[in-house]
Each structure stands twice: as C-alpha cells, then as structure tokens.
Amino acid sequence: MTATATATVPRSRSAEALPSSGLQPGELRRAFGGFPTGVTAVAALVDGRPVGLALSSFTSVSLDPPLVSVCVAHTSETWPLLRDRARIGVSVLGAHQEDACRRLAARDGDRFAGLDWRATPGGAVLVEDAVARFDCGIERHIPAGDHDIVLLRVHGLDADPAVAPLVFHGSRFRSLEPTGPDPAAGPPGQR
C-alpha cells in the first residue's frame with residue numbers, strides 16, 4: 001500500500017527544549033509523525049449525550065484477554081468526562097470520515113453534528129460506517145509522561161474490512177492505495 005496526502009492538520013510549535021530530555025518538541029512531533037497511524041473516535045454517553053474525541057494512538061494489545069489501548073494527553077478537557085464511564089466506544093475511522101475526525105478533534109462546537117452514531121446498552125458510542133467498532137470497558141490507567149495509557153477490555157466488536165481506513169502521517173490525513181493484487185482474491189493462479 002502507498003499513502004497519499006489529503007490535508008494538513010495545524011499543530012502548535014514550541015522552541016523550548018523539553019525539561020526531561022533536552023529534545024525540541026517540534027523535532028519530536030516530526031519524528032513521531034513519521035509513523036503512520038489510524039484514527040479513532042473514542043466516545044460514550046454522558047448525561048444522555050454523546051461525548052468523544054479523536055485519537056491516533058490506538059493499538060491492539062492482547063487477544064486473550066481481548067485488550068486494546070489508547071493514549072490520552074493530560075491536557076485533554078474531554079477525557080475527564082469519559083474516564084469513569086462503564087463503557088467506552090472506540091471506532092476506527094474510515095477514509096471517508098475525515099470531516100468527522102476534524103469535528104471530533106475540535107475544541108468547541110457539537111462534535112457529533114451530522115455524524116451517524118449509535119449507543120450500546122452500556123453507553124459506549126460507536127460511529128457508523130467505521131472500519132471497526134469496539135465496545136470497551138476501562139481496565140487500567142497507566143501514567144506515562146504527559147499522557148495516560150488507557151488499557152481497554154473489548155466486550156463487543158464489529159468490523160468491515162471493505163472500508164478503507166483514515167490514515168494520519170506527517171501531520172496530514174492520507175489514504176491508502178493498493179500496490180499489488182487483492183489478497184482477498186486468493187493466490188495467483190487461483191483467481
């Protein structure tokens with residue numbers, strides 16, 4: 001697969017070195033940005049309304065028990081509203097959901113305006129037409145520098161491998177393009 005750029009996301013820059021390492025934050029962001037990631041919507045019902053944010057720090061952790069994780073900045077104003085919910089939804093956004101990602105990343109306004117979503121009986125909010133959706137419970141918070149690693153136990157899921165993922169790389173959204181035959185079509189000679 002190759003990635004193609006579609007848009008740039010603004011970011012803050014600081015010329016001051018980080019006290020713990022002496023590294024420049026801008027340099028560190030650029031280096032971290034060299035690793036392409038998917039983008040997730042992390043959300044739950046709070047007082048009957050959907051509350052959520054966009055995170056690109058999602059990863060699978062374990063098959064048994066089924067665990068995933070996200071990383072959340074200590075500066076997040078949204079996470080404190082979600083951190084004590086019984087269930088949290090994690091939706092892996094598709095390439096067609098770039099606008100939804102921008103709304104979920106906004107500091108103000110209705111982040112769920114125009115977004116198709118559903119709530120589980122436990123209160124997890126899942127974005128419709130996403131690549132994958134996970135209904136999770138918070139297993140553990142692990143302090144890690146200026147973020148928390150949030151370990152989530154997966155209680156339910158669904159996925160649509162036909163939906164292309166939204167990719168974030170080099171501070172931009174990108175999309176994947178196939179570079180070879182579709183593996184779903186089977187091995188060469190058996191298609």
Side-chain angles (χ1 to χ4, degrees), residues 6-12 29 32-33 37-62 65-160 163 165-168 171-173:
T6 59
T8 300
V9 174
R11 64 176 180 219
S12 61
R29 277 190 195 95
F32 287 166
T37 66
V39 183
T40 61
V42 176
L45 291 178
V46 176
D47 297 328
R49 298 178 51 101
V51 172
L53 65 163
L55 295 174
S56 62
S57 58
F58 168 81
T59 192
S60 59
V61 175
S62 170
L67 300 171
V68 297
S69 71
V70 294
C71 295
V72 183
H74 292 166
T75 56
S76 172
E77 295 178 12
T78 304
W79 183 247
L81 302 172
L82 298 173
R83 70 175 292 134
D84 295 324
R85 300 285 107 191
R87 291 293 174 92
I88 301 277
V90 178
S91 302
V92 178
L93 298 178
H96 63 286
Q97 294 174 314
E98 184 178 323
D99 288 340
C101 179
R102 290 182 185 285
R103 279 195 303 280
L104 288 162
R107 294 207 179 269
D108 53 19
D110 181 355
R111 292 180 179 174
F112 287 84
L115 190 59
D116 290 331
W117 59 274
R118 64 182 164 85
T120 67
V125 170
L126 303 170
V127 176
E128 297 291 357
D129 301 320
V131 175
R133 289 172 291 278
F134 301 91
D135 179 359
C136 301
I138 296 175
E139 190 81 5
R140 196 167 147 202
H141 289 90
I142 303 161
D146 58 5
H147 281 64
D148 281 343
I149 300 167
V150 183
L151 194 59
L152 302 165
R153 181 179 292 258
V154 178
H155 296 284
L157 62 93
D158 64 41
D160 185 351
V163 177
L166 182 61
V167 177
F168 194 69
S171 298
R172 319 172 85 146
F173 291 111

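Within the 4.5 Å cutoff, the side chain of L126 has no heavy atoms near those of the F134 side chain. Looking only at side-chain heavy atoms (C-beta outward), F58 and V39 stay at 4.5 Å or farther from each other. Side-chain contact between L53 and S76 is present, with at least one heavy-atom pair separated by less than 4.5 Å. V131 places none of its side-chain heavy atoms less than 4.5 Å from the side chain of D160. Proximity of V51 to L45: side-chain heavy atoms (C-beta onward) are nowhere separated by under 4.5 Å. Counting heavy atoms from C-beta on, the side chains of H96 and D129 come closer than 4.5 Å. The shortest distance between side-chain heavy atoms of L152 and V68 falls below 4.5 Å. Taking 4.5 Å as the limit, some side-chain heavy atom of V127 sits within range of a side-chain heavy atom of L93.
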*How far apart are the C-alpha atoms of R85 and V46, what are their side-chain angles, what is the distance that settles it, and do they pass the side chain to side chain contact (heavy atoms under 4.5 Å, CB included) test?*
CA-CA 8 Å; R85 300 285 107 191; V46 176; 3.9 Å; yes

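A side-chain hydrogen bond (donor to acceptor under 3.5 Å, both in side chains) with D148 is found for exactly one of R140, H74, H141, namely H74.
The CD1 atom of I88 sits 11.0 Å away from atom NE2 of H155, with the distance rounded to the nearest 0.5 Å. To the nearest 0.5 Å, the span separating CG on L151 from CD1 on I138 amounts to 10.5 Å. The NE2 atom of H147 sits 7.0 Å away from atom OG1 of T75, with the distance rounded to the nearest 0.5 Å.
Checked by atom type and distance alone, the side chain of S56 never pairs as donor or acceptor with a backbone atom of G38 at under 3.5 Å. In this structure, R118 contributes its side chain and E128 its backbone to no donor-acceptor pair below 3.5 Å.
Taking each heavy atom of G52 and F112 in turn, the nearest pair found is N-CE1, 3.5 Å.
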